[in-house]
Enquirer: 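Mind having a look at this structure? Questions to follow.
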Amino acid sequence: MVVGGGITGMQSALDLANSGFKVYLVEKTSSIGGRMSQLDKTFPTNDCSMCMISPKLIEVAKHRNIEIITNAEVEALEGEKGNFTVSVLKNPRYIDIQKCSGCGDCVQACPVELSNEFEMGLNTRKAAYKRYPQAIPGAVAISKGARPPCKLTCPAGCNGQGYIALSSKGKYLEALNHIKQWIPLPAAVGRICHHPCEQECNRGDIDEPLGIAPLKRFIADIVREKRKDGSLPPEEKPVIDPTKPKIAVIGSGPSGLTCAYDLVKHGFPVTIYEAASKPGGQLQWAIPKYRLPKDVLAADIQDIINLGIELKLNTPINDKLSLKDLKDQGYKAIYLAIGAQKSRSLPIKGIELPGVSLALDFLRDVNLGKEIKLGKRVVVIGGGNVAMDVARSARRLGASKVLAVCLESRPEMPAHSWEIEEAEEEGVSIHNSWGPTEIIAKAGQVSCVVFQKCTSVFDKDKKFNPSYDPSITTSIDCDNVIIAIGQATDQSVLSKAVRVKTTGGGWLIADPVTLATDEEGIFAGGDGVSGPKSAVEAIAHGHEAAVSIERYLLGLDLREGRVKSREEPAPIPEGEHARKHRIRNNRILLEKRLTSFDEMDLTYSEEEAKAEAERCLNCGLCSECLQCVAVCQAKAVDHLQKAGHLTLAVGSVVLAPGFDPFDATIKGEYGYGRMPNVITSLEFERILSASGPFQGQIRRPSDGKHAVKIAWIQCVGSRDVSCGRDYCSSVCCMYATKQAIIAREHESTIQPTIFYNDIRAQGKGFERYYESARTRFNVRYINSIPSMVKELQKNHNLLVEYTSETDGRVQEEFDAVVLSIGMVPSASTKVLAERIGINLDRFGFCATHETDPNVTSRPGVYVAGAFVSPMDIPESVMSASSAACLASQEIHEVRGSMVTEKTYPPEKEITEEEPRVGVFICRCGSNIARVVDVPAVLTYAKTLPHVVHAEENLYTCSTDTQDKIIKAIKEGDLNRIVVASCSPRTHEPLFQDTIQEGGLNKYLFEMANIRDQCSWVHATHMPQSTSKAKDLVRMAVARAITLLPLHQSRAEITRRALIIGGGLAGITAAQAIAAQGFEAVLVEKEKLLGGNLRRLHYTEHIADLQGLLATLIAQVESNSLIKVYKGAEVKSLSGYLGNYVTEIVAGGGSTERIEHGVVIIATGGVEYKPTEYLYGKSPGIITQLELEKKIVDRDALVTDAKSVVMIQCVGSREPEHQYCSRVCCSQAINNAIKLKELNPGREITVLYRDIRSYGMHELQYRKAREMGVTFIHFDVEKKPEVTQEVGKLTVKVMDKTLGKELLLNPDIIILSAAIRPQLDAEEFASKLKLPLTQDKFVMEAHMKLRPLDLVNEGMYLCGLAHSPKTVSESIVQAKGAVSRALTVLSQPYLMVGGIVSVVDSEKCAACLTCVRSCPFDVPHINEEGVAYIEVAACQGCGICASVCPRKAITLQHYSDEQVMAKTAVLVESAVEK
Amino acid sequence: MNELNEPSIVAFCCHYCAYSAADLAGSMRLEYSPNVRIIKLMCTGKLDTLHLLKAFEDGADAVFVAG
């Protein structure tokens, strides 16, 4: 099992799978690719990161023996090495990966915008998303959290987030349909709901809660308007099944209407009986028009009735038409939603007087528009919402003085606070804590009400039980009294014949869950059961009743699954949320409010609604609006997916969980998070990316302006004790350099400045890259770390404060600041480590040992990549291979037991067919499309002869496009495929594999390179690029027509490895090969094994290297699978991948012939013998290696030395050797520490250009400084000068930091001499035909992703032959190279043939021209006297074919006809239509 | 020559070196004139005089071989 799907995990998985193991690749996000997929370009080659990783992604995805498990994490690891059981938690993706085509329709439909973590929050993505366009697996995933508080709070369960998200995208009809699942009266409820959702809205914790109810109202209103003008269709009507049982609903209030709505939607015939003349219950009669206009209510109700409900008005259920009668009429179920229509009265004197009325009677009369005579002064008794409605209505009817008098104190008042406030606005005065005792009349009319002081409303048990102080009274003069103290049901509906019980208070009794009454088939809900409550609570009852009735009628259990457990609401989503205040509904003027019953609040405008909807935080992530379900044609969306647990049996585990970028907000002085134009390097990486948030334009976040002056600040979260990150992150100097170069390439006006401590360009090719940044790209490097960044308020520019060597304290203005943030272990790795039981170091990296950097503290569990320590991509890849080698070593005996081979569908026979060409033109995001007019090329391609299918794709390399290609082959009966995209070097194998899956021979494929060789190199010639792209496509099609199928055959493999070089890398490799059960032949030119390791004695953590070496040598020499040749040299190498033959000249001068399948080059390097600094002229001037020996030997020269000077970069970083020797800084530091430990009093001074103690070596650097080692910075222009006079050494050095020249008189001078390639490197390379770098190190196949492979197939590379490196790194490389070699050695056979030369023996005259010309010595004259070319050996160069005077040899796939097909159509007019 | 007096150039490039170099030019975003059409060979050793002559006959103003 490999944990982590970044580049490291992918490489481990591929190595293991390619060497005969089944691999589970567990990734915690929805796709593999890791951090590398987020990078734009990579150093030092400037290759596009995505272009490099994309073929790897696809290789992993297509690999039969890799099972990718996404959205997953390891829960537990049991067992022991070789036999583990892993428990994996697989979180739901909510998409069926098997069904999803990745078409993105659901992404389009999804209304929820979330912060895009792939783009580092610089833009948004949908809740249904792909992490990036080329993501593997190609299926969409849905982000879903806990349910939002609005939904959880709503009594009816209405999903606010869902309809708000839809409305924010203008999808009003969808939004309304969504609302109506829960609220069938959206316009009415949107107006009058007491919206408990808003009280719980998370937005309230940031600024103000969202206007959830007003948005609901807006949606209902706008849909109604648009339906009126015909721009939206009317509501779909359900099909009512007349054979289904009939249902009667008594009461047409919100509860009854809801129940009827749900049932009719399920096809039941429903009749509503309503006693009144109009439907709506309390909404109709009790709510005043200024809150709910009656036409709005009527329209809502009409929509429900229109679904096919029979509404019988003026039809009370009583003795005349009883419930029993209804049953007799055939109603199989009845829902009693009778409400609480009656107002309670007061048992006080004077209650019967004229001028005294009851609240509901009053409101009913108002709503009916009856003429109501009120005096000027009105007293309303009661403190609830009804009392407020009454008081406010009284004001509108002309009462100038309205007093609401209630028992409760102000905070105890049952009315909603906003109702009270609005009432007060309208001039209602509230009098709290008074109980009425008597209404006094004058001349038969009410004249005043007497109150006594209410001292408390509730008793100790919190029951309503008011107590009074009769000694305190008051009387209020008035003309009218309206009693609003409570409501009751009208029980006339109940007859003795039915067994519906009531409470003492007169409320109907129903089961709280099912709403069933004691009477068979009768259910009851709403205010009639619960007492007066809100409309939305009545609606909730309506839904429950509908569920019960349906279950009852179907004979199902009423109760099952209906008791809901409490769900924890979603918190505020992570990330920043800018404060935005709530948009209030416009309100009519107060004067108008007091003179009419016009609706008080106006609905939102579309703009207001959009702005308000966009305030929604999308707390639940996915809003569950289910638009994705509606649009998905593949039926791949499954919102009910649950987390699952997998139990897997594995032999070993590789951990590659990667890293997190350092949280830059911790370094508050740089203002990240507060200043918009201070960004992190990973954010800048996305800004640079053509597929990033700004399409590759260098814009800054605050205003989208093109940034010109950009500063990089290095070491943010690295080399910093203050934030607990005292290690160096190893990669930041180079990525900042790369970003500066790429930024300059994007826009040549950009002025990059990099503020640094030391530039650490320690890797292969880095120094040259750094030099080119300084000299070619004018990147300004300033050796100072700024102390602070300030922001200018006027333009958000940034003032960077730093200390300059020449000008002291400086403030400089920049447009943007990029923080080069370090690498920290992933947040989740601590948990992972605990679950797996491995140790971490104090930073949270995996605890490992220098000799075994891939071995964790738990046997059988290995580690790779940035979880070991910060490292760059090639090191991660090497580390991945090395870990794979160890992981398979334990279980090598079961190799091949679980693998399945890739099988393709049978190949289509095409030789007799006319060519039918399919052309696929890639936009490569904008990489091609920005320069080349892709649609024009597409149109053109369609006109070309034999082209029967052509299409353009955003990314032709994405998995969904592969499926499209296969589909096109099948549907279009295509027999040749042309892809116009990037380079065949990187992508041809992928497409060939695809067409094989489509049933075509893989050679029936041709590519037109319209990116690397067109859009990328002619960016300023857009029209010409388009015409060139057309030409390239035309030429590719012309060649495609001539292509023929070719077939490969199987070849045996010699399962033996030749390892050249017996140093640490070679020995390690030999041992690793043998440990895997294969034979190794180790050839060392010296008489002893050990190479440079024989001169090394200790490292930071290994005390005795010689002891280690002795053990290793003994193990290798005694291993029966390893044959060691010492004092032997390679004479010649011939053969080919899988079957090489090497001749070596062994010790005695005898020549031995070795057959082997692979070669591992471990030829090492040498220490440079300095010619500078008087080396060799004085015994006191020695190299670091010489020093090391003298320290171990306790040589007096060293033990007596009182002062020591070390000079760095001797022979490194020079114009003719423009590379860093990588190890010398750490070596000098270690030796300095050793010298200090031996004699703390002695002075040690290290003269350096940059201290390159990368990674954890930084800790030693700090230690050395703490021990008192002095470090003096010199400039390469002013190198130190060493002089010697009568045995006295003098070093003159210009201290760059102090700006002063210093004179030192050390006893000894230690030169940190460079590491050079072997002196015979060129000769050796020519023997083996190995490519070399400028510096004569062996060149790998690809600097980033194939660091251990050579272009020569079957040859691998490790150790110093690759580039300077440490002991630990050599070990990793050696094991990694073995892992790569195992991918060949463990194959059952090799496939050979294809692009090889074939001889027509009829034509061959055996002239030997081919035999002499072949650089690989392949052609021979066979027994038949004609040339013979071994298929497995032929390299396919075709030289033989071109030199053959009789044209007897053809290079398959590059025949003369096939080559000339392209030039034949060089000119457009040459094309035959 | 075409109307712009820009010569039409055919480049025969070796898969391993010159063709890779042309790709590298792309990844480094180096600019060059768009009038060159690269034809990939496994090795320029494969190139026959015939191919060169045919290229001229087919309208190339210049032929460039890189390998």
Side-chain angles (χ1 to χ4, degrees), chain A residues 41 45-48 51-52 741-742 745-746 982-986 1007 1009 1011-1021 1023-1025 1027-1028 1031-1032 1035 1039 1331 1351 1395 1397 1413-1415 1435-1444 1447 1451 1453-1454 1456 1459-1460 1462-1467 1469-1470, chain B:
Chain A
K41 301 289 182 305
T45 53
N46 288 357
D47 278 343
C48 166
C51 302
M52 283 192 290
I741 290 177
I742 302 291
E745 281 191 343
H746 280 229
C982 49
S983 174
R985 290 172 53 251
T986 52
M1007 273 179 96
N1009 190 339
R1011 189 189 70 181
D1012 305 43
Q1013 297 179 6
C1014 188
S1015 70
W1016 275 358
V1017 284
H1018 311 312
T1020 56
H1021 296 83
Q1024 291 95 324
S1025 295
S1027 64
K1028 177 169 176 178
D1031 290 358
L1032 293 176
M1035 289 160 76
R1039 176 171 142 81
V1351 280
I1395 304 177
S1397 288
S1413 308
C1414 178
Q1435 297 292 305
C1437 68
I1439 293 175
C1440 52
S1442 71
V1443 295
C1444 179
K1447 296 264 168 219
L1451 175 61
H1453 209 54
Y1454 287 91
D1456 289 342
V1459 172
M1460 292 189 297
K1462 284 202 165 181
T1463 52
V1465 295
L1466 184 65
V1467 182
S1469 57
Chain B
M1 295 217 186
N2 57 26
E3 301 120 46
L4 296 166
N5 274 349
E6 281 282 333
S8 164
I9 302 171
V10 171
F12 288 102
C13 290
C14 168
H15 170 86
Y16 295 101
C17 49
Y19 195 89
S20 314
D23 281 349
L24 184 64
S27 61
M28 291 174 73
R29 309 293 190 280
L30 301 177
E31 277 266 335
Y32 56 83
S33 177
N35 57 345
V36 58
R37 309 281 176 267
I38 295 176
I39 295 178
K40 184 177 77 115
L41 297 172
M42 291 310 284
C43 170
T44 39
K46 165 74 184 81
L47 205 60
D48 202 316
T49 334
L50 184 69
H51 304 152
L52 305 175
L53 296 176
K54 184 71 169 47
F56 283 115
E57 195 180 298
D58 290 333
D61 298 308
V63 176
F64 171 56
V65 179

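Sequence lines set the chain letters: A, B, ... in the order given, protein chains first and strands last, and positions in each chain run from 1.
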Enquirer: Quick one: which of Pro1331(A), Ala1019(A), Ser1025(A) has the most heavy-atom pairs under 4.5 Å with chain B, could you say?
Expert: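 Ranked by contacts with chain B, first place is Ala1019(A).
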Enquirer: Looking at every heavy atom in both Tyr32(B) and His1018(A), which two are closest together, and how far apart are they?
Expert: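 The answer is O-ND1, 2.7 Å.
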Enquirer: Between Lys40(B) and Pro984(A), what is the shortest heavy-atom contact and its length?
Expert: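 Reported closest heavy-atom pair: CE-CG, 4.1 Å.
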Enquirer: Evaluate the criterion salt bridge (charged side-chain N to carboxylate O under 4.0 Å, His left out) for residue pair Lys46(B) and Asp1456(A); output intermediate values, then yes/no.
Expert: CA-CA 9 Å; Lys46(B) 165 74 184 81; Asp1456(A) 289 342; 3.3 Å; yes
Enquirer: Does any non-hydrogen side-chain atom of Asn1009(A) lie less than 4.5 Å from one of Ile38(B)?
Expert: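 In short, these two side chains do not touch, never coming nearer than 4.5 Å.
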Enquirer: Against chain A, label Leu41(B) side chain, backbone, both or neither, depending on which of its atoms sit under 4.5 Å from a heavy atom there.
Expert: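 Backbone plus side chain of Leu41(B), per the 4.5 Å heavy-atom cut-off to chain A.
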Enquirer: Minimum heavy-atom separation for Lys1028(A) and Pro34(B), please, with both atom names.
Expert: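 Taking every non-hydrogen atom into account, CD-O, 3.5 Å.
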Enquirer: Side chain, backbone, both or neither: which part of Val1467(A) has an atom under 4.5 Å from a heavy atom of chain B?
Expert: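 Contact with chain B is through both the backbone and side chain of Val1467(A).
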Enquirer: Output the distance between atom CD1 (Ile1395(A)) and atom NE2 (His15(B)), rounded to the nearest 0.5 Å.
Expert: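 Ile1395(A) atom CD1 to His15(B) atom NE2 measures 8.0 Å (nearest 0.5 Å).
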Enquirer: Report yes or no: does Glu31(B) contribute a side-chain atom to a donor-acceptor pair with the main-chain N or O of Thr1020(A) at less than 3.5 Å?
Expert: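 Yes: the side chain of Glu31(B) pairs with the backbone of Thr1020(A).
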Enquirer: Evaluate side-chain contact (heavy atoms from CB on, under 4.5 Å) for Leu30(B) paired with Trp1016(A), printing each intermediate quantity in order.
Expert: CA-CA 8 Å; Leu30(B) 301 177; Trp1016(A) 275 358; over 6 Å; no
Enquirer: Side chain, backbone, both or neither: which part of Ser33(B) has a heavy atom under 4.5 Å from chain A?
Expert: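 Backbone only.
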Enquirer: For the backbone of Val1459(A) and the side chain of His51(B), can you confirm whether one donor and one acceptor N or O come within less than 3.5 Å of each other?
Expert: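 No; zero donor-acceptor contacts below 3.5 Å.
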Enquirer: One pair to check against side-chain contact (heavy atoms from CB on, under 4.5 Å): Leu50(B) and Met1460(A). What are the steps and the verdict?
Expert: CA-CA 9 Å; Leu50(B) 184 69; Met1460(A) 292 189 297; 3.9 Å; yes
Enquirer: If you look at every heavy atom in Cys43(B) and Cys1437(A), which pair is closest and at what distance?
Expert: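 Between these two residues, the closest heavy atoms are CB-O, 3.2 Å.
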Enquirer: Minimum heavy-atom separation for Leu1466(A) to Ser8(B), with atom names?
Expert: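 Heavy-atom minimum between the residues: CD2-OG, 3.9 Å.
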Enquirer: Non-hydrogen atoms of chain A under 4.5 Å away: do they reach the side chain of Phe12(B), the backbone, both or neither?
Expert: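 For Phe12(B), the side chain is the part near chain A, not the backbone.
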Enquirer: Do Ser1442(A) and Asp48(B) have side-chain atoms, one donor and one acceptor, less than 3.5 Å apart?
Expert: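 Result is no, nothing qualifies.
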Enquirer: Quick check on the interface: out of Cys1440(A), Ala1441(A), Ala1464(A), who has the most heavy-atom pairs with chain B under 4.5 Å?
Expert: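 Result: the option with the highest number of such pairs is Ala1464(A).
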